[in-house]
Amino acid sequence: MSFLFGGGNRSVEGSVDPAKIEMAVAELDMITDVFNRLVNSCHTKCIASTPNNHRYVEGDLLKGESVCIDRCTAKFFEVNKKVGERMSAMGSAAQASGSFGR
């Protein structure tokens with residue numbers, strides 16, 4: 001990790017591939033989006049179920065809230081996985097038949 005703090009081999013300085021950085025930034029943006037959608041969805045469903053229930057009187061989650069969040073998170077990732085697999089299969093089939101984007 002010396003490259004982060006200016007140490008290391010100076011001859012490789014400036015040899016960072018901009019395409020790789022762009023891909024990493026895009027991946028980070030996608031991961032952040034998934035996380036934000038997960039938090040919003042499960043918070044709305046499990047914690048802020050009524051408009052008057054936005055006060056946090058407990059420091060920790062209640063047992064029901066905790067169980068709900070566990071289940072919500074598991075379902076969210078299961079659905080996300082299935083959608084990704086389905087889209088990948090559809091993309092592969094479309095690419096193989098040459099009808100991608102039609």
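Counting begins at 1 with the first residue of the sequence.
Around the CG atom of Asp60, the shell of radius 6.0 Å holds no more than 12 heavy atoms that belong to other residues, nucleotides or ligands. Counting non-hydrogen atoms of neighbouring residues, nucleotides and ligands closer than 6.0 angstrom, the CZ atom of Arg37 exceeds 12 such neighbours.
Linking ILVMFWY side-chain heavy atoms closer than 4.5 Å, directly or via other members, places Met87 and Val34 in two distinct hydrophobic clusters.
Looking at Glu85, its side chain never comes within 3.5 Å of a backbone N or O of Lys82 through a donor-acceptor pair. Looking at Ser97, its side chain does come within 3.5 Å of a backbone N or O of Ala94 through a donor-acceptor pair. When atom types are taken as modelled, the side chain of Asp33 and the backbone of Asp29 share no donor-acceptor pair closer than 3.5 angstrom. Without hydrogens or angle criteria, Thr44 side chain to Asn40 main chain gives a donor-acceptor distance under 3.5 Å. Of the possible polar contacts, none joining the Ser88 side chain to the Gly84 backbone as a donor-acceptor pair under 3.5 Å is found.
Of the inter-residue distances, the one linking Ser66 atom OG with Ile47 atom CD1 reads 9.0 Å to the nearest 0.5 angstrom. Between atom CE of residue Met23 and atom CG of residue Asp17 there is a gap of 9.0 Å, rounded to the nearest 0.5 Å. In this structure, Lys45 NZ and Arg71 CZ are separated by 9.5 Å, a value rounded to the nearest 0.5 Å.
Contact check for Leu38 versus Asn80: no side-chain heavy atoms found under the 4.5 Å cut-off. Considering only heavy atoms from C-beta on, Val25 stays 4.5 Å or farther from Glu22 through its side chain.
Disulfide criterion (SG-SG under 2.5 Å) for Cys68 and Cys46: met.
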Next on the checklist: Could you walk me through whether Val83 and Arg86 satisfy the side chain to side chain contact (heavy atoms under 4.5 Å, CB included) test, starting with their C-alpha distance in whole Å, then the side-chain angles of each, then the deciding distance to 0.1 Å, before giving a yes or no?
Outcome noted: CA-CA 5 Å; Val83 168; Arg86 182 71 182 250; 5.7 Å; no

